[in-house]
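Throughout, residue positions are numbered sequentially from 1 according to the sequence presented.
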Amino acid sequence: MKFKNIDLKRFALAILIPFFVFFIFNKAKQLFSNQVSFPAEETITINLSEIPQIPWDTSKAVSHVIETFTASVNGCLISRDDAITTDELKQNSLIERYYCEDNICQAFLKKNVYFHNKREVTAYDVEFSILRALLQRKKNYVVTSLLNDIVGIEELKNTNNLPFTEVNSINYPTGLVKGIEVVDNYNIIFKLKWRNKFFLNKISIGRIPIVPIEELDKSYTNWKKYPIGFGKYKVEYVNWEKYEFILKKFNRKENIPKYIRFIFSSKDEGDIKILLGDSGRGKSGTDRKIIFPNIYSNGGFLFNFRTELGKNKKFREAISLALDREKIADTSLYKEIIPEDQMIPAFSVLKEYRIQKPLQKQNIERAKQLLNSIPHSLWKNKVFHVHTYWANIKNINSLPYIQEIKKQLADVGIQVKFYDTDLNYPKFSDNDSNVLWWTGFGFSSNDPNKNFSFFKTTAYYANEGPKDSSFDSLYELSIKNINDTSYYAKKMSEYFYNNNIFVVVLNQKMSFAYNSERLSSLGEQHNGVLFYVWKLKLR
């Protein structure tokens, strides 16, 4: 029997209408999901930076961004609070107690700590999270440079066909490194090449978050949806177009802000605005500015040792002597800049690892003499393109202290052009012809060897150092003897200073503005590398 035309039309409509309704529903759902809003009275907005970035990208996100996000969402191995009073919320930390004796560090985990997917965190997760940077298809060399203490860590090279062991119904690549032994769910032992009392402090940083393996893709790099940890907050929503990240408190009974909204904007918006020298924000009549007393990071010039000028010791010294560091610091907007010429800052426990020398004075005459002893064809009448990896500022040339640095270098005949930070260009590439780089190192650990570790011959900065075996020897002597003496750490500091491997120009304190009408308390904060969002209080 043949269908009549009207029957065919009815049949077609019966198929098309549900499809059309489904299409409209999904479009509406998608439109709604891009317009998610959270109650203003329960949300604190933190403007972390002018430079848009993914706050869990451990290889690209800048220090204060990755540290703040990781502590909030992933939690920390050990608490890094200097002091906690009885009426404050303790930082979310995993390790209950630990000790380091000789070349062994043993850690005991708290029981009943759960990831946001409601699975208990175990020592196997700690092992995997520490090794994840080496297991990724594209290794995270920023992190791998920090793991050299562990016995056998350098042998973990071939990540194809890894052996897996099923533990607690989860498949882990466990037992891959001789220096990490998981005893049971709550007990892990680290065997080190040398004694290092700072080991657990060094690895308890934002760039080594504790993560559940089952929530990552097979490359161990990308999350199946959002990052998951055991922190006080879970990721609730992401607007990828605006780089807006909403966190929601995980324990609804806990007396902390319900929502934290991270944004990245050059506009004067947010309940808290990280300033770091920016003059365009924090201008509202209700804003109050605060400068942390401790140092957030240093700042200065790295050199490309694959270029004739970069490896020329006289050129590096000339750059250092051309600068009046005190005058540069005086140009800072909020007095957040301190003059400095050493890698290790003169504050807290780290100061014992510095060399005892007064701040280097500007010497223009000597700087010119050094430059004139170098073939003029290499530097005279040239413009040096200075790329940057600088924490927060979208327009680095707007900063008064950068303008002052450019002026002082021009006074000795060095013309430089600064470029805004490109997170995809974090260091000199192998065929890079650029000579100078502007960047800094954050102080997220009290290990004096941490920032030096990036300059070893086989470490992250492959082109930014002289590949000098004597430096590698000093580094190893320092980490082997750091428990007993500061002598070798000082010798390493002296090596950097005398050879101008990194021409340090300044130290920077974290500066921020907060909306006093909305926030009643900031809680106890420290140096700003890690911002404790759960300590904030709304009015």
Answer yes or no: is there a donor N or O on one side and an acceptor on the other, between the side chain of [X] and the main chain of [Y], under 3.5 Å?
{"X": "Asn499", "Y": "Tyr495", "result": "yes"}
{"X": "His387", "Y": "Phe418", "result": "no"}
{"X": "Arg354", "Y": "Ile344", "result": "yes"}
{"X": "Arg288", "Y": "Asn515", "result": "no"}
{"X": "Arg316", "Y": "Leu309", "result": "no"}
{"X": "Arg325", "Y": "Leu359", "result": "no"}
{"X": "Asn103", "Y": "Leu192", "result": "yes"}
{"X": "Lys380", "Y": "Ile414", "result": "no"}
{"X": "Gln408", "Y": "Asp324", "result": "yes"}
{"X": "Gln53", "Y": "Val62", "result": "yes"}

Reference residue Asn463; test side chain to side chain donor-acceptor pair (under 3.5 Å); the match among Asp430, Thr307, Asn431, Asp432: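 Single pass found, and it is Asp430.
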Between [X] and [Y], is the ring centroid distance below 6.0 Å?
{"X": "Phe441", "Y": "Phe502", "value": "yes"}
{"X": "Phe512", "Y": "Phe292", "value": "yes"}
{"X": "Phe531", "Y": "Phe262", "value": "no"}
{"X": "Trp437", "Y": "Phe303", "value": "no"}
{"X": "Phe471", "Y": "Phe455", "value": "no"}
{"X": "Phe496", "Y": "Phe452", "value": "yes"}

Option passing side-chain contact (heavy atoms from CB on, under 4.5 Å) with Asp447 (candidates Asn196, Leu200, Leu350, Asp149):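 Testing Asp447 for a side-chain contact (heavy atoms from CB on, under 4.5 Å) against Asn196, Leu200, Leu350, Asp149 leaves exactly one candidate, Asn196.
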Sort out for me which residue in Leu536, Ile263, Asp271, Leu247 forms a side-chain contact (heavy atoms from CB on, under 4.5 Å) with Ile46.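 Among Leu536, Ile263, Asp271, Leu247, the one that satisfies the side-chain contact (heavy atoms from CB on, under 4.5 Å) with Ile46 is Leu536.
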In Å and rounded to the nearest 0.5 Å, what is the [atom1] to [atom2] distance from [X] to [Y]?
{"X": "Asn74", "Y": "Thr58", "atom1": "CG", "atom2": "OG1", "value": "10.0 Å"}
{"X": "Glu101", "Y": "Arg195", "atom1": "CD", "atom2": "CZ", "value": "10.5 Å"}
{"X": "Ser320", "Y": "Asn363", "atom1": "OG", "atom2": "CG", "value": "10.5 Å"}
{"X": "Met343", "Y": "Ser493", "atom1": "CE", "atom2": "OG", "value": "8.5 Å"}
{"X": "Ile272", "Y": "Ile290", "atom1": "CD1", "atom2": "CD1", "value": "8.5 Å"}
{"X": "His64", "Y": "Ser297", "atom1": "NE2", "atom2": "OG", "value": "10.0 Å"}

Taking the side chain as every heavy atom from C-beta outward, state whether [X] and [Y] have any pair of such atoms under 4.5 Å apart.
{"X": "Phe245", "Y": "Pro55", "answer": "yes"}
{"X": "Leu370", "Y": "Lys368", "answer": "no"}
{"X": "Asn298", "Y": "Leu506", "answer": "no"}
{"X": "Trp390", "Y": "Leu399", "answer": "yes"}
{"X": "Leu321", "Y": "Gln362", "answer": "no"}
{"X": "Leu147", "Y": "Ile208", "answer": "yes"}
{"X": "Lys289", "Y": "Tyr334", "answer": "yes"}
{"X": "Tyr353", "Y": "Asn449", "answer": "no"}

Starting from the C-alpha separation in whole Å, work towards a yes-or-no answer on side-chain hydrogen bond (donor to acceptor under 3.5 Å, both in side chains) for Ser332 and Asp330. CA-CA 6 Å; Ser332 59; Asp330 285 343; over 6 Å; no
So does [X] pair up with [Y], basic N to acidic O under 4.0 Å?
{"X": "Lys273", "Y": "Asp287", "answer": "yes"}
{"X": "Glu154", "Y": "Lys193", "answer": "yes"}
{"X": "Arg261", "Y": "Glu244", "answer": "yes"}

Evaluate whether atom [atom1] of [X] has more than 12 neighbouring non-hydrogen atoms of other residues, nucleotides or ligands under 6.0 angstrom away.
{"X": "Lys456", "atom1": "NZ", "answer": "yes"}
{"X": "Glu269", "atom1": "CD", "answer": "yes"}
{"X": "Lys406", "atom1": "NZ", "answer": "yes"}
{"X": "Tyr419", "atom1": "OH", "answer": "yes"}

Where is the tightest heavy-atom contact between [X] and [Y], given as atom of each residue plus distance?
{"X": "Leu423", "Y": "Pro52", "value": "CD1-O, 3.7 Å"}
{"X": "Ala513", "Y": "Gly282", "value": "CB-CA, 3.7 Å"}
{"X": "Asp420", "Y": "Thr388", "value": "C-OG1, 3.5 Å"}
{"X": "Phe198", "Y": "Ile482", "value": "CE1-CG1, 3.8 Å"}
{"X": "Asn92", "Y": "Ala71", "value": "ND2-O, 3.0 Å"}
{"X": "Val416", "Y": "Val386", "value": "CB-CG2, 3.9 Å"}

Side chains of [X] and [Y]: is there a donor and an acceptor less than 3.5 Å apart?
{"X": "Asn424", "Y": "Lys60", "answer": "yes"}
{"X": "Thr45", "Y": "Asn47", "answer": "no"}
{"X": "Ser516", "Y": "Thr286", "answer": "no"}

For the pair Phe384 and Trp379, evaluate ring pair (Phe, Tyr, Trp, His ring centres under 6.0 Å) and give the outcome as yes or no after the intermediate values. CA-CA 8 Å; Phe384 291 92; Trp379 63 272; 8.5 Å; no
Show, in sequence, the C-alpha distance, side-chain angles and deciding distance for Glu317 and Lys314, and conclude whether the salt bridge (charged side-chain N to carboxylate O under 4.0 Å, His left out) test is met. CA-CA 5 Å; Glu317 185 180 357; Lys314 292 180 179 179; over 6 Å; no
Do the numbers put Lys535 on top of the ring of Tyr532, so that NZ or CZ is under 6.0 Å from the six-membered ring centre and no more than 45° off the axis? yes
As a quick check of understanding, evaluate side-chain contact (heavy atoms from CB on, under 4.5 Å) for Leu135 and Leu156, giving each step before the final call. CA-CA 8 Å; Leu135 296 174; Leu156 186 60; 4.1 Å; yes
Which is it for Tyr389 and Asp422 under the side-chain contact (heavy atoms from CB on, under 4.5 Å) test, yes or no, and what are the steps along the way? CA-CA 7 Å; Tyr389 199 81; Asp422 179 355; over 6 Å; no
